[in-house]
There are 2 protein chains.
Amino acid sequence: MARRTKAEAEATRESLLDAAEAVFYEKGVARASLREIAHTAGVTRGALYWHFEGKADLFQSMLERVHMPFEELVEAIPDEQRAEGHLDEIRLACLQAIDRLERPQYKRVHAILLHRCEFFADINPVGMLAELSREAVAATLPRFEAARSAGELRPGLSAEDANQLLHATLRGLIHGWHLDTSAFSLAETGSRLVDQWFRLVSADG
Amino acid sequence: MARRTKAEAEATRESLLDAAEAVFYEKGVARASLREIAHTAGVTRGALYWHFEGKADLFQSMLERVHMPFEELVEAIPDEQRAEGHLDEIRLACLQAIDRLERPQYKRVHAILLHRCEFFADINPVGMLAELSREAVAATLPRFEAARSAGELRPGLSAEDANQLLHATLRGLIHGWHLDTSAFSLAETGSRLVDQWFRLVSADG
DNA sequence: TACAAAACATACATCCATGTATGTATAATT
DNA sequence: AATTATACATACATGGATGTATGTTTTGTA
């Protein structure tokens, strides 16, 4: 086929990523063929290999579209929700994360990352999840320490333990939700449990 | 090759399951070939197809070797650890689970189930995880309700919420550990966090 | 002791995925 | 206006995996 304009090329790139999301979600990454992804995007494998080096590169690029660093979550806290203390700021950021995880694209990509891909070639989803986890853990720890210094944390509970417990709880909550997203609503049940958790670890809970 | 005795046949079946564990763990389920599994077990695909219907059946059979129902965990609580109340019984059972999850076979199979398999053909690992989860949640709920009635639970915390929080925390803890099993020891860090958790939710914590 | 089925190994047919090489029309550049 | 690189499509070469059919001993059994 003929050469397309730059904007058109970018559009095919995006549609390839969209198609990858759909096909990865439906078939799993390993059983998804590049042929089907290209076909879903309305192009051929030629286009795919032009924009990406292969399945691994495609997968990686797909993930980069949904990265959400903790600081971004903090900034995304709406103005009407004013944080009362350090603990409360973490809580509100968690609620922001929960809110985003229910959005279709995040949900689908997360489902792929959690249950629809095995490590392959250069891409190691376990390592990627581990990296994201470390990033999040490192971002919240100083806030828990600040909360500790301010006396917001329950006596006998260290900042490190509270931090690890929070991430374990969130991770488990999200994984559990992804086991059956129709079983409960993240927005409702999830945020209620998160609120309960913060009440349990706060000094005046 | 010639017909083997019944005992020998059972031995090859077991060695095929062992090989499946090893190859699934190394390559992931989707990229693991039955040829390599058979070769690792020291036989050919003929033997594999004799004992199992295919990869799905092999996978399923592999999982059945490591199932651990909650009641079994309760019974496995050593005599020197006497449970003080309902909450404490749940706690001790959790510690039993943690203990088992560090054993090589459980650890490997769990790693496969969590991060090294995609759903395929008739087998749906997400559904299987969901089923195991439901089973565990259903097993602990009545105990939390008993704890609630006995006044062991923190005021303002329902049995349902406590139950969901526990399973979220455990699931997150285990998933997090599997992201990098060298990062921390489940036996040490895990049981410390579990103890902390039960302290947080208990009325006299 | 004979025989049928067990417990595999071997061979074959089929299919599909990946990677790369090559073709091609057009957008961008000079 | 001519040229070049772009943005793909098409074609080809290769390889490996699955499923099944068929062989081959030997074991359990009647």
Side-chain angles (χ1 to χ4, degrees), chain A residues 1-20 22-62 112 116-123, chain B residues 1-20 22-62 112 116-123:
Chain A
M1 200 199 268
R3 178 181 183 183
R4 328 292 301 273
T5 174
K6 275 212 166 190
E8 286 174 325
E10 184 56 28
T12 40
R13 195 190 122 96
E14 288 299 311
S15 72
L16 277 168
L17 290 172
D18 291 341
V23 178
F24 284 163
Y25 183 84
E26 193 190 354
K27 307 264 172 137
V29 175
R31 298 174 62 83
S33 75
L34 300 184
R35 181 191 158 281
E36 185 175 357
I37 292 174
H39 183 75
T40 301
V43 292
T44 67
R45 279 172 42 235
L48 200 157
Y49 274 102
W50 170 256
H51 285 285
F52 307 95
E53 291 177 14
K55 195 191 274 189
D57 186 29
L58 181 62
F59 181 76
Q60 179 97 349
S61 303
M62 183 194 73
I112 293 169
R116 285 163 160 84
C117 75
E118 305 172 355
F119 68 101
F120 63 98
D122 311 315
I123 293 289
Chain B
M1 198 199 269
R3 177 182 182 180
R4 330 291 301 272
T5 174
K6 275 213 165 189
E8 286 174 325
E10 184 56 28
T12 44
R13 195 190 123 95
E14 288 299 311
S15 73
L16 277 168
L17 289 172
D18 291 342
V23 178
F24 283 164
Y25 184 83
E26 194 190 354
K27 308 266 172 135
V29 174
R31 296 175 63 83
S33 76
L34 300 183
R35 182 190 157 282
E36 185 175 357
I37 293 174
H39 184 75
T40 301
V43 292
T44 67
R45 278 172 45 237
L48 202 157
Y49 274 103
W50 170 255
H51 284 284
F52 307 95
E53 290 177 14
K55 195 190 274 189
D57 186 29
L58 180 64
F59 180 76
Q60 178 99 349
S61 303
M62 183 194 74
I112 293 170
R116 285 164 160 84
C117 73
E118 304 172 356
F119 68 100
F120 63 98
D122 310 314
I123 293 290

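In the text below, chain A, chain B and the rest are named by the order of the sequence lines, each starting its count at 1.
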Can you check the A:Phe52 CZ to D:dA7 P distance for me, whole Å? 13 Å

Assuming nearest nucleotide by heavy-atom distance, tell me which of A:Leu48 and B:Glu8 is located more 5' along DNA chain D. A:Leu48

Heteroatom pairs (N/O) under 3.5 angstrom, protein to nucleotides 13-20 of chain C:
unit_1: C:dT18; atom_1: OP2; unit_2: A:Leu34; atom_2: N; d: 3.3
unit_1: C:dG19; atom_1: OP2; unit_2: A:Tyr49; atom_2: OH; d: 2.5
unit_1: C:dG19; atom_1: N7; unit_2: A:Arg45; atom_2: NH2; d: 2.5
unit_1: C:dG19; atom_1: O6; unit_2: A:Arg45; atom_2: NH2; d: 2.9

Specify the separation, in whole Å, of atom CZ of A:Arg4 and atom P of D:dA7. 11 Å

Restricting to non-hydrogen atoms, name the atom on B:Phe59 and the atom on B:Cys117 that form the minimum distance, rounded to 0.1 Å. CZ-SG, 3.8 Å

With a 4.0 Å cutoff (strictly under), does any side-chain N or O of B:Thr12 reach OP1 or OP2 of C:dA7? no

Donor-acceptor under 3.5 Å (A:Lys27 side chain, A:Ser33 main chain): no

Could you walk me through whether A:Glu10 and A:Lys6 pass side-chain contact (heavy atoms from CB on, under 4.5 Å), step by step? CA-CA 6 Å; A:Glu10 184 56 28; A:Lys6 275 212 166 190; over 6 Å; no

Between C:dC8, C:dA28, C:dA7, which nucleotide gets closest to the side-chain atoms of B:His51? C:dC8

Donor-acceptor pairs under 3.5 angstrom involving side-chain atoms of residues 38-53 of chain B: please list them, not counting sequence neighbours.
unit_1: B:Thr40; atom_1: OG1; unit_2: B:Glu36; atom_2: O; d: 2.8
unit_1: B:Thr44; atom_1: OG1; unit_2: B:Gly46; atom_2: N; d: 3.3
unit_1: B:His51; atom_1: NE2; unit_2: B:Thr12; atom_2: OG1; d: 3.4

When you get a sec, tell me which of C:dA7, D:dA7, D:dA9 is the closest nucleotide to the side chain of A:Ala47? D:dA9

Please give, in whole Å, the distance from D:dT6 C1' to A:Glu10 CD? 14 Å

Please state how far atom CZ in B:Arg3 lies from atom P in C:dC8, giving the value in whole angstrom units. 10 Å

Check every strand shown and say whether A:Thr44 touches a base, only sugar-phosphate, or nothing at a heavy-atom separation below 4.0 Å. base

Only one of A:Val29, A:Leu16, A:Leu17 forms a side-chain contact (heavy atoms from CB on, under 4.5 Å) with A:Met62, so which one is it? A:Leu17

Rounded to the nearest angstrom, tell me the gap between atom CG in A:Leu16 and atom C1' in D:dC8. 11 Å

Check every atom of C:dC8, C:dA9, D:dT6 against the side chain of B:Trp50 and return the nucleotide holding the closest atom. C:dC8

Starting at atom CD1 of B:Ile37, determine the distance to atom C1' of D:dA17, rounded to an integer number of angstrom. 12 Å

Any side-chain heavy atom of A:Glu118 within less than 4.5 Å of one from B:Phe24? no

State whether A:Tyr25 and A:Arg116 meet the cation-pi test: NZ (Lys) or CZ (Arg) under 6.0 Å from the six-membered ring centroid, and within 45° of the perpendicular axis. yes

Distance check: side-chain N/O of B:Thr5 vs OP1/OP2 of C:dA7, anything under 4.0 Å? no

